[in-house]
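These notes are about the structure you will find just below.
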Amino acid sequence: MTGLLRPYLGGFAAVVVLQVIGAISGLAPMLAVVELGRTLLSPGPADHDHVWTVVILGAAGLFVRLVATAASSGIGHLLDNRVQLSLRRQLAARLGRAPIGWFSRRRTGELAKVVGEDVSAVHPFIAHTPGELVAAFVVPLVSMVYLFTIDWRLTLITLIPVVLAVALVPLMMTPARLREQEDFDAGMARIANSVVEFVQGIAVVKAFGGAGRAHGRFRTAVDEFVTTFLRWVRGLSGIAAGMQLALSPPFVLLVVLIGGTALVTSGGMAPADLLPFLLLGLGLTAPVAALGHGFDEMQTARRAVGRIKDVLAVDPLPQPTCPGTAQGHRVELRDVRFGYETDREVLRGIDLVLEPGTVTAVVGPSGSGKSTLVQLLPRFFDPTSGSVAIGGADLRELGSRQLYELVSFVFQDVRLLRASVTDNIALAVPDASPDDVVRAARLADIHDRILELPRGYDTVIGEDVKLSGGEAQRIAIARALLADTPVLVLDEATAFADPHTERAVRRALATLKGDRTILLIAHRMETVADADTVVMLEDGVVAEHGAPGDLVARNGKFAEFWRSQRGGNGT
Amino acid sequence: MIRMLLRVLGNEYAKPVRRTVALMTTTAVAEGLSYAFLVPILGALFGSDPADAVPWLVAFGAVFAVYGILRYRSDLSGFRVGITLLSGMYHRLGDHLARLPMGWYSAARVGEVSVLASSGVMRAMSVLAHLLSPFISASVTPLTIIAVLLVFNWQLGLAAVVAVPIVAAIQRWTGRAIAATDTERAERDHDATNRVIEYLQAQPVLRAGGRTAERFQLLDDSLRDVQRASRRTVLSALPGVVGLTITVQAMFTVVLALGGYLALNGGIGVAEVLTILVLAARCADPLLSLADIGGKLRGAQAELARLDEVLHTRPLPEAPDPVLPGGHGVEFEAVTFRHGDRTVTDDVSLTVPNGQRLAVVGPSGSGKSTLLELIARFYDVDEGSVRVGGADVRSIGTEVLMERIAVVFQDVYLFDGTVEENVRLGRPDATDAEVRAAAAAARLDEVISRLPDGWATNVGEGGALLSGGERQRVSIARALLKNAPIVLLDEVTSALDPVNEAAVHDGIERLMAGRTVVMVAHRLHTVQRADQVVFLDGGRIVEQGTHDELVRQGGRYAEFWELSLTAHS
C-alpha cells in the first residue's frame with residue numbers, strides 16, 4: 001500500500017499540515033474567551049484595549065481555521081480521487097494479466113466489488129484519516145499541556161471521561177468481535193454473489209420460482225447476513241452507546257463542574273481558571289469521539305485494503321524477459337500436462353504437431369479435455385509440464401502482443417462487449433478500416449442482420465439490441481476473420497446456431513485455409529470428415545490420431561465414436 | 001427524508017421509525033435544556049459565594065441522568081430498528097426483483113442491481129442506525145441552546161438566532177447542488193461496475209484481442225468518468241461546507257464581540273457573559289459537524305431514491321380473480337409484442353392442442369424464443385392474447401401458470417450450488433428416489449458418477465464447471481422432475497458432441513412424451529416429427545403446416561431444409 005501511495009506523499013503532507021494548523025487555530029477563540037474571563041473577572045477596571053485585542057485574535061484564529069481546514073479537506077478529497085483512479089487502473093491491469101485459471105475459482109461479483117466498492121471504501125484512509133488522526137493527537141496534547149499549567153488536579157479530573165471511553169475500546173476489539181466483523185464481510189460478499197446470480201439467472205428464477213423459491217439463495221444469504229449483523233451489533237451496540245455517553249458534552253461538563261466546584265469552594269483554585277476547562281475540556285474528548293465514530297469506517301477500509309492487496313498480489317502469467325520470435329507457425333505440443341487442481345490432471349501427456357496449411361479436428365467425449373487443450377494455444381493457461389510452441393518458440397517466451405498477432409480463436413462461450421458492432425468485430429485490429437470490418441461481417445454472414453439493427457454498425461450491443469446466440473457467434477467469427485492470424489483455434493460452436501451460422505463457420509474455414517494452422521473442436525462429423533487430421537481425445541490423452549479415412553478403416557475408438565454419431569444424427 | 005424512508009419501507013415499519021425519531025429528538029432537546037443549568041452554576045462559582053452552586057450542580061446531575069437514559073435507549077433503538085429494516089428491505093427488494101418482467105433486465109441492470117441489492121440497501125438503512133441520531137442532535141441541540149440564550153439575554157440570543165435561517169438555507173442549497181452531481185456519480189459508478197463485470201467475464205476474448213487493461217479503453221474511460229464525477233461531487237460540496245463554517249464562525253465572533261462590548265459597558269453581568277460564551281461554543285461545535293453529517297445523509301438519501309425507483313417499477317400485474325386453465329393447450333391470438341420500438345412478434349396466431357407438438361423454425365433474430373417467453377409470461381403482449389388451457393395467461397395466477405410449464409433454455413443457467421440443488425429446483429419437495437429417477441431419465445447419472453463429489457459437486461457460478469452438454473442434462477432433469485404438462489424447449493440440442501447429443505435427445509424424448517410441446521429448433525431432424533411447424537421471419541408467421549407439407553410447398557422452410565441437408569452432407 002505504501003508503495004502505491006508514494007507518488008502522492010507531497011499531497012498527504014500538505015493535507016496533514018493544513019489540518020493541524022486548522023485544528024490548533026480552532027483553539028484561539030476558546031483561549032480568547034478564557035482571556036476575556038480573566039480580564040473581566042480580575043478586580044479593578046477592565047482594560048478595554050486588551051479586551052478588543054483578545055476578541056480580534058479570537059476571530060483571526062477562526063478565520064485561519066476556516067481556510068486551513070477547507071484547503072486540507074479539498075486537497076484530501078482530490079488526492080483521494082486520484083489515488084482511487086490509480087488503484088482501479090492497477091487492479092484492472094493486474095486482473096488483465098492473471099491466468100484465466102485464476103478467474104474460474106473466483107466469482108465475478110466478488111472481484112467487481114474489489115475494483116468498485118472496496119476502492120471507494122479506502123476513501124477515509126486517504127481523505128480523512130491522516131489529517132484527522134494527527135489533529136486528534138496534536139489538539140488534545142496542546143490543550144492538555146496548557147491545562148496542566150493552569151491546574152493539574154482539574155486536568156486529571158477532566159480526563160476521566162476520556163479514560164472511561166478509551167477503556168471501552170478493547171471491548172470492541174476482542175477476537176470474537178473481530179471474527180464477527182469478518183463474518184459480516186463474508187456475508188456481504190455472499191449477498192453480492194447471490195445477486196449477480198439472481199439477476200443473470202432471472203429466466204430460471206421466473207420459470208421455477210413461482211413461490212419465490214428460486215431466489216431462495218438470495219434470501220438465505222440475506223438471512224444469514226442479518227443474523228451475523230445482529231450478533232455483531234448486539235455485542236457492540238451497548239458498548240458503543242456507553243462510549244458515546246461517556247464522551248457526550250453534558251457528561252464532560254458535569255465532571256468538570258463537580259471537580260471545579262470542589263476546588264473553587266475549598267479555595268484551591270481561582271474561579272476564572274475554571275473557564276479553560278469548560279471550553280477546552282470538551283476539546284479533549286472530541287477527537288477521541290471522532291476516532292470512535294470513524295472506527296467502523298476505518299475497519300471497513302482496513303479490510304477493503306486487505307482485499308485489494310490480495311488481488312494486486314496475484315502472480316500474473318509470467319512474461320518473458322527477452323521475448324523470442326516465432327519462425328513460421330507450426331504448432332508443437334510436447335508432453336503437455338495440465339490440471340486445474342493439483343490432484344486432478346485434465347491433460348495427461350499430449351504430443352501433437354499441427355502443420356501449417358492443415359486443419360486438425362479434436363474430437364472426444366465431454367470431459368475428455370478438448371476445451372482445455374485448445375485453450376492452451378491462446379495461453380489461457382500454462383501447462384504444468386511439457387511445452388506448447390509456435391514456430392519453434394515456447395509460448396512462455398513470446399510477448400503477449402506477439403502471441404495474439406499469431407493466434408485468434410472463436411470459442412463456444414461468446415462474450416460480446418457492450419460496445420458498437422464495429423468495435424466488437426475490430427477488437428483485435430482497432431485500426432481496421434470500415435471496409436475491412438464490413439468484408440469480415442459479410443463473410444461471416446452477419447452483414448445483412450447488422451444493417452437491420454437500429455444504428456447499423458454503430459449499434460451498441462447489449463444496450464440498443466440484444467443479439468441471439470447465433471448472431472453473437474457470427475460476430476465472433478467475423479472478429480476472427482478480421483484478425484487474420486496465421487493460427488486459428490475454433491470451437492466449432494455451431495451452438496445456438498441456425499443453418500446460416502453453420503454456413504458461416506464453413507465459409508470461414510474455407511476462406512482461412514491456405515497457409516493457416518487451424519485447430520478446431522469438431523462437433524459435427526461432416527467437419528471431421530473435411531479435416532486433414534483427427535485427434536481423438538479420451539480422458540486427457542490422445543487415443544487415436546491420423547487422417548479421418550485411415551481412422552475409420554482402422555476400426556478403433558474413433559470408428560466407434562463415428563458410428564455413435566451416425567446413430568445420434570437422427571435428432 | 002424520513003418520508004421517503006417510510007415510503008420505501010412500507011407502512012409496517014412506520015411506527016417503530018417514528019418512535020425512534022421522536023426518542024432521538026427528545027434526547028437532543030434534553031441535552032440542550034441541561035445546559036441551562038450552567039447559568040446558575042457558573043453564576044454562583046464566578047460570584048461571591050461559590051458554595052451556592054452545589055444544589056444547582058445536583059440538579060444538573062439529575063437532568064444528566066435523565067438525558068443519559070434517553071440517549072442510551074435511543075442509540076440502541078436506532079440500531080435495533082435499523083437492522084429490522086435492513087432485513088425487511090432486503091426481502092422486499094428480492095421479492096420485487098423476482099416479480100419484475102424479464103424486459104426490465106437489460107445487460108446494464110446486472111451492475112446496477114448488484115450494487116443496489118447488496119451494499120446499496122446497507123447504506124440506505126445505515127441512515128437510521130448511524131446518521132439520524134447525530135443529525136438530529138446536531139440540529140436540535142443548538143436550537144434548544146439558542147432558545148435558552150434568548151431567555152437569558154435577548155440581545156446575544158438574537159445574534160445567535162440570525163444564524164439559524166442562514167444555516168438552514170445553506171444546508172438546503174448545498175443539498176440540491178450535491179444531489180445533482182451525486183446522481184451523476186451513482187450512474188457512473190453503476191456504469192463502471194458493469195464494465196468491470198464485463199471486463200472480468202470477457203477476459204478470454206479480450207486477451208486474444210490483445211486488450212489488456214491499458215488497451216481496453218472502454219473500461220478505462222468508465223473509470224475515468226467515475227473519477228471526474230466524484231471530483232465534481234467534491235467541488236460542488238465545498239462551497240456549502242465553507243459557507244456553513246463561515247456563518248457559524250461569524251455568529252460566534254459576533255456573540256464574542258457583543259458579549260465583550262456589553263460586559264465592558266456594564267449592560268450585563270460578567271458571569272452571565274462568560275456563561276453565554278460557553279453556551280455559544282456548545283452551540284457552534286455541533287453546527288459545524290452538520291456539514292459532514294449532512295453529506296453522508298445525502299449519500300444515503302440518493303441510495304434510498306434509487307431503491308424507491310426500483311420498488312416502484314411495476315411488476316407484471318397479477319389477476320385479481322385468477323382463473324384456472326382448463327386443459328393444457330396453447331393458443332396465440334393475433335399477438336403483437338414490441339421490445340422498445342422493434343416489433344419482435346407481429347400478429348401471430350396459432351393453436352397447439354393438448355398433447356401436440358409445435359416446432360418453431362426461422363432465422364436467428366426472427367422472434368422464436370420470444371414466443372416461448374410469451375407463453376411463460378416473461379413479458380405481457382402489446383396486442384392480442386396468449387392463452388393456456390383456454391385462459392389468457394394474464395388472468396392465470398403466476399404460480400398456477402408456472403406449475404404447468406417446464407422450460408429448457410438454450411443457454412442453461414445453473415446456480416452456484418451442488419448438482420442436486422440445481423436439479424431439485426424443479427420440485428424442492430421431491431423425494432430422493434424421484435430426483436434419482438429424473439437424473440437417470442436425463443442420463444445425468446453418468447455425468448454424476450464422473451464428478452469428484454457426485455451429487456454434492458459444486459457447479460460454480462452459472463454452472464461454469466460443467467460442460468455445455470452436462471449443463472443441459474441438469475436442466476432436463478430439472479424439467480423432468482417438475483413434471484409439468486406443458487414443455488417449452490429452446491434449441492436444446494445445439495452444439496453438443498455426439499455422446500451428449502444422444503443423451504440429451506433421449507432425455508428430451510422422455511420429457512416430451514404425452515405433453516404439450518412448443519420447441520424452437522434448428523436441427524431440422526427434430527422438427528420432422530412435430531405435429532405442426534411454423535416458420536417465422538421478422539416476427540411474422542410466413543409458413544405453417546406439417547414438415548412434409550412445407551417441404552412440398554417449396555418455400556422458405558424448404559430452402560432452410562435444403563440448406564441444412566447440404567450443410568450436413
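Lettering follows sequence order; numbering is per chain, from 1.
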Is it the side chain or the backbone of Phe64(B) that comes within 4.5 Å of chain A heavy atoms, both, or neither?
side chain
Which atoms of Arg231(B) come close to chain A, meaning under 4.5 Å heavy atom to heavy atom: side chain ones, backbone ones, both, or neither?
both
Can you tell which of Val234(B), Val63(B), Val241(B) has the highest number of heavy-atom pairs within less than 4.5 Å of chain A?
Val234(B)
Is there a side-chain contact between Tyr67(B) and Phe251(A), using heavy atoms and a 4.5 Å cut-off?
no
If you round to the nearest 0.5 Å, how far is CZ of Phe60(B) from OH of Tyr35(B)?
7.0 Å
Evaluate the ring planes of Phe229(A) and Phe225(A), with Trp represented by its six-membered ring, and classify them as parallel (under 30°), tilted (30 to 60°) or perpendicular (over 60°).
parallel
Heavy-atom distance under 4.5 Å to chain A: side chain of Leu45(B), backbone, both or neither?
both
Quick one: of Ser369(B), Ala257(B), Ala376(B), who has the most non-hydrogen atom pairs under 4.5 Å with chain A?
Ala257(B)
By a 4.5 Å heavy-atom criterion (distance strictly below it), what part of Leu223(B) contacts chain A: side chain, backbone, both, or neither?
both
Per-residue tally against chain A (heavy atom, under 4.5 Å) across Asp95(B), Ile41(B), Ile246(B) peaks at Asp95(B)
Could you tell me if the side chain of Asp75(B) sits less than 4.5 Å from the side chain of Leu245(A), heavy atoms only?
no
With a 4.5 angstrom heavy-atom cut-off, could you sort out which part of Ser230(B) is near chain A: side chain, backbone, both or neither?
both
Donor-acceptor contact below 3.5 Å, side chain Tyr199(B) vs main chain Ala92(A)
yes
Which region of Val226(B), side chain (C-beta onward) or backbone (N, CA, C, O), has a non-hydrogen atom less than 4.5 Å from a non-hydrogen atom of chain A, or is it both or neither?
side chain
Side-chain contact, heavy-atom cut-off 4.5 Å: Arg195(B) with Val115(A)?
no
CZ (Arg73(B)) with more than 12 external heavy atoms under 6.0 Å:
no
Residue part contacting chain B, namely of Leu253(A), when any heavy atom lies under 4.5 Å
both
Is it the side chain or the backbone of Leu95(A) that comes within 4.5 Å of chain B heavy atoms, both, or neither?
both
Heavy-atom side-chain contact between Arg71(B) and Ser248(A) under 4.5 Å
yes
Is it the backbone or the side chain of Ala192(B) that comes under 4.5 Å from a heavy atom of chain A, or both, or neither?
neither
Where on Ala51(B) is there a heavy atom nearer than 4.5 Å to chain A: the side chain, the backbone, both, or neither?
both
Candidate list Val54(A), Leu279(A), Val55(A), test side-chain contact (heavy atoms from CB on, under 4.5 Å), partner Val33(A), passing option:
Leu279(A)
Need one label for Val270(B): side chain, backbone, both or neither, based on atoms under 4.5 Å from any heavy atom in chain A.
side chain
Any side-chain heavy atom of Ile461(A) sitting closer than 4.5 Å to one from Leu417(A)?
no
Check each atom of Leu38(B) against the heavy atoms of chain A and say whether the ones under 4.5 Å are side chain, backbone, both or neither.
side chain
NZ/NE/NH1/NH2 to OD/OE distance under 4.0 Å, Arg219(A) and Asp223(A):
no
Taking every non-hydrogen pair under 4.5 Å, which of Leu200(B), Val54(B), Leu488(B) racks up the most with chain A?
Leu200(B)
So for Val242(B), is it side chain, backbone, both, or neither that comes closer than 4.5 Å to the heavy atoms of chain A?
both
Heavy-atom proximity to chain B below 4.5 Å, by part of Leu91(A):
neither
Option in Met30(A), His77(A), Gln84(A), His48(A) with maximal non-hydrogen atom pairs under 4.5 Å from chain B:
His48(A)
Proximal component of Arg65(A), with respect to chain B [non-hydrogen, under 4.5 Å]
side chain
Using a cut-off of under 4.5 Å on heavy-atom pairs, state which of Thr261(A), Val264(A), Thr265(A) scores highest against chain B.
Thr261(A)
State, with a plain yes or no, whether a side-chain heavy atom of Arg88(A) is found less than 4.5 Å away from one of Gln227(B).
no
Using a 4.5 angstrom heavy-atom cutoff, name the option from Ala284(B), Ser34(B), Gly68(B) with the most pairs to chain A.
Gly68(B)
If we define contacts as heavy-atom pairs under 4.5 Å, which of Thr69(A), Ile191(A), Val363(A) has the most with chain B?
Ile191(A)
Flag the one option from Gly37(A), Ala112(A), Gly74(A), Pro249(A) with the top tally of heavy-atom pairs under 4.5 Å to chain B.
Pro249(A)
Identify which part of Leu401(B) has an atom lying under 4.5 Å from any heavy atom of chain A, answering side chain, backbone, both or neither.
neither
Is it true that Arg474(A) and Glu471(A) make a salt bridge, defined as a side-chain N closer than 4.0 Å to a carboxylate O?
no
Is a side-chain donor or acceptor of Lys113(A) paired with a backbone partner of Ala189(A) at a separation under 3.5 angstrom?
no
Donor-acceptor pair, distance only, cut-off 3.5 Å: does the side chain of Ser87(B) make one with the backbone of Ile83(B)?
no
